[in-house]
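These figures come from a predicted structure and were not determined experimentally. The chains referred to below are lettered A, B, ... by the order of the sequence lines, with proteins before strands, and numbering in each begins at 1.
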Amino acid sequence: MAAAPLLEIDDLRLAYATERGTVRAVDGVGLTLRRNEAVVILGESGCGKSSLAKALLRTLPRNAYAPEGRVRLDGAEVLGLPEERFRRQVRWVRIALVMQAAMNALNPVVRVGEQVAEPLRIHRGCSRRQAAARAAEAFAEVGIPGDFLQRYPHELSGGMRQRAVLAMALVTEPDIVVLDEPTSALDVLTQAAIMNVLKRIKRDRGVSFVLITHDVATSSEIADRVALMYAGQVVEEASAEAFFTAPAHPYSQMLMASVPRLHQPEPPQPIPGRPPSLLEPPAGCRFAERCPQRFDRCSEPPPALPLGERHRVRCWLHATGGGRP
Amino acid sequence: MSPRPAQAAAPGEPLLAARDLQTHFELRRWGFLRTGSVRAVDGVDLTLDAGEAAAVVGESGCGKSSLARTLLGLHRPTGGEARFEGQPLARLRGAALKAYRARVGYVQQDPYGALPPFMDVRRALEEPLIVHGVAPRAERERRIEAALEEVGLAPAGEVWGKYPHQLSGGQQQRVVIARALILRPRMILADEPVSMLDASVRVEILELLRRIQREHRLALLYITHDLSTVRHYTDRVLVMYGGRIVEQAPVEALLERPQHPYAEALLAALADPDPANARRERPVPGGEPPSLAAPPPGCRFHPRCPYAMAGTCDVYDPPALGVGEGHTAACWLRA
């Protein structure tokens with residue numbers, strides 16, 4: 001029998017109140033993650049991928065409604081936990097977060113070593129000395145020279161600051177690290193170096209990653225599994241092997257064809273049209289308007305249909321007996 | 001829209017030619033004590049023919065945006081020379097500078113920041129026409145309509161009353177491109193035009209720039225950090241590092257047979273999507289790009305270069321050496 005998932009997200013929903021109405025940023029997302037697995041949440045801006053991370057860690061802005069659905073960590077429901085227990089038992093203890101542009105959120109007047117040690121003192125009750133020693137280990141692990149512990153953020157390059165926030169997320173030894181666009185503001189070589197660090201940590205530490213990105217090429221650098229989001233929903237969840245070599249959802253296929261590649265003689269193909277507004281998403285399939293393969297049934301909302309082991313596609317083309325007539 | 005015929009450039013002469021171009025910025029000055037300068041552009045040689053599309057590729061801090069701003073006449077070069085249609089840029093003043101700016105269209109990185117929030121599309125496009133004395137009003141309107149159609153925002157009537165915040169990122173960038181085209185320039189300078197856009201929109205904008213460049217035989221200088229977006233959209237690539245061009249080549253040659261170790265490292269760090277990527281680490285040279293305030297002696301890449309030869313690369317500055325048809329690399333390995 002397959003191992004029980006470490007993290008199980010089921011029918012997660014998150015909405016924001018805005019001047020123009022309710023925005024359903026995450027609308028029925030399901031996802032599973034096993035120990036030592038890396039899942040990439042892939043999607044274009046506005047698809048709800050960052051909101052998913054926020055709902056998971058409950059780092060929500062004030063205009064967000066309480067997330068609905070189920071989030072189980074090792075089988076235990078955590079979405080309904082009172083905030084105080086969630087803070088003490090889950091956030092940063094079991095699930096750590098590297099926010100988008102976190103490297104620019106370091107406190108400019110506190111030495112980086114102290115900042116990296118801080119979660120240990122807060123969440124693990126370590127003494128100042130113990131915490132400093134562990135922070136030094138974490139620095140070594142992410143490839144920052146030890147003497148950088150004493151430096152201030154402005155004395156570090158962007159790549160080094162990004163490593164420091166990574167060290168901060170790892171220092172409490174969480175089971176899962178959620179990374180929101182960890183390399184998008186960095187240069188090509190620095191990006192590759194950070195991805196190398198993540199690969200090493202995954203191999204040596206057995207940590208699980210949830211990596212959120214819009215960049216298809218970057219996602220293939222770490223993914224064991226990919227969940228592609230479109231208009232607040234996961235439209236395809238598959239192994240990296242299946243997703244990158246034989247994607248099943250028409251949007252997945254078109255997204256793959258739109259990626260500019262270094263070594264490919266055929267030019268990339270843009271995807272005509274725009275994603276729908278999350279204020280009033282279409283009643284049927286949300287991609288139907290842009291889909292060259294749409295047919296009558298697409299006016300009904302497709303469920304996430306199983307296509308193989310841990311492979312699900314939100315598309316009527318893959319319904320048994322429900323496909324194209 | 002039809003481009004104007006070349007004026008001053010002699011036949012066979014490139015549209016744009018820079019030789020040993022330098023743009024240095026002075027750091028803080030304490031009385032008459034100078035603390036040094038940042039050598040953002042430090043000896044750049046480049047040429048661009050009419051109707052040619054070239055990419056300048058480099059990482060942040062390599063000087064590529066300073067190069068763009070110098071070529072736009074926004075910074076005065078502190079050394080060397082750049083000529084456009086045979087005219088030295090450094091000497092352009094007043095009316096001549098204004099005329100030059102009408103001949104070079106500029107597409108910025110952040111389309112939302114490039115468009116004034118209080119101007120609707122029509123007003124944003126009319127502004128350059130008014131500044132450059134295009135009259136009467138009916139002629140301006142005709143040109144605005146044509147420019148919007150050109151960038152795929154037809155019918156013009158639907159967009160021209162809109163304000164930037166009512167447009168998507170891709171539409172905003174189309175308006176910026178229309179504005180760059182409206183004075184019928186000979187060259188478009190696009191500084192990271194797609195880095196703030198979503199993947200699927202990126203390709204549309206790059207295709208649009210390429211189509212316009214070809215149809216009107218414009219020169220295009222496309223500045224980017226992303227080598228994966230140069231194929232199909234440019235003819236030639238110039239790789240910039242530490243304020244200099246370290247390699248230039250036809251796009252295929254650069255992507256398939258890079259000759260400078262830095263270009264090689266950039267290519268090795270990038271990947272096309274492939275599930276196998278997750279199973280191997282990428283080779284990345286150690287260290288960081290050089291400070292432009294205190295660049296290393298000799299080749300600027302030598303402290304990070306796996307092939308650096310002591311006594312040569314750390315002492316002597318390599319010149320651009322020919323390594324193939326239209327292909328040069330500033331590297332002693334190629335001597």
Part of [X] within contact of chain A (heavy atom distance under 4.5 Å):
X: B:Glu252; answer: neither
X: B:Pro289; answer: neither
X: B:Glu288; answer: side chain
X: B:Asp274; answer: backbone
X: B:Ser168; answer: side chain
X: B:Arg280; answer: backbone
X: B:Leu206; answer: neither

Determine whether [X] and [Y] make a side-chain contact, defined as any pair of heavy atoms from C-beta on separated by less than 4.5 Å.
X: B:Asp226; Y: A:Val188; answer: no
X: A:Phe243; Y: B:Pro273; answer: no
X: B:Arg304; Y: A:Leu189; answer: yes
X: B:Arg282; Y: A:Asn196; answer: yes
X: B:His232; Y: A:Pro260; answer: no

| field | Short N-O contact, B:Glu204 and A:Arg274, less than 4.0 angstrom | value |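 A salt bridge links B:Glu204 with A:Arg274.
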
| query | What residue in A:Gly46, A:Ala242, A:Ala217, A:Pro272 has the most heavy-atom pairs under 4.5 Å with chain B? | reply |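 Option with the top pair count is A:Ala217.
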
| request: Determine the option with the most heavy-atom pairs under 4.5 angstrom with chain B, choosing from A:Met256, A:His214, A:Glu241. | output: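 With the most close heavy-atom pairs to chain B, the winner is A:Glu241.
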
| request: Find the distance between CZ (B:Arg202) and CD (A:Glu44) and round it off to the nearest 0.5 Å. | output: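 It is 9.5 Å, given to the nearest 0.5 Å.
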
| How long is the span from the CG atom in A:Asp215 to the OG atom in B:Ser228, to the nearest 0.5 Å? |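 Answer for the CG-OG pair, A:Asp215 versus B:Ser228, is 8.0 Å.
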
Of all the heavy-atom pairs spanning [X] and [Y], show the shortest one and how long it is.
X: B:Val203; Y: A:Gln269; result: CG1-C, 4.4 Å
X: A:Thr245; Y: B:Pro275; result: CG2-CG, 3.9 Å
X: B:Arg231; Y: A:His263; result: NH2-CA, 4.2 Å

With chain A as the partner, which of [options] has the greatest number of non-hydrogen pairs under 4.5 Å?
options: B:Ala268, B:Ala271, B:Pro283, B:Ser60; answer: B:Ser60
options: B:Val230, B:Asp198, B:Leu197, B:Leu267; answer: B:Asp198
options: B:Leu270, B:Asp272, B:Val284; answer: B:Asp272

With a cut-off of 6.0 Å (strictly less than), are more than 12 heavy atoms of other residues, nucleotides or ligands near [atom1] of [X]?
X: A:Glu266; atom1: CD; result: yes
X: B:Glu149; atom1: CD; result: no
X: A:Gln264; atom1: CD; result: yes
X: A:Met254; atom1: CE; result: yes
X: B:Glu281; atom1: CD; result: yes

| Heavy-atom contact with chain B under 4.5 Å, split by part of A:Ala223 |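 Contact with chain B is through the backbone of A:Ala223 alone.
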
| field | Part of A:Arg225 within contact of chain B (heavy atom distance under 4.5 Å) | value |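 Neither the backbone nor the side chain of A:Arg225 comes within 4.5 Å of chain B.
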
| request: Say whether A:Ser220 and B:Asn277, considering side chains only, have a donor N or O and an acceptor N or O under 3.5 Å apart. | output: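 Short answer, yes.
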
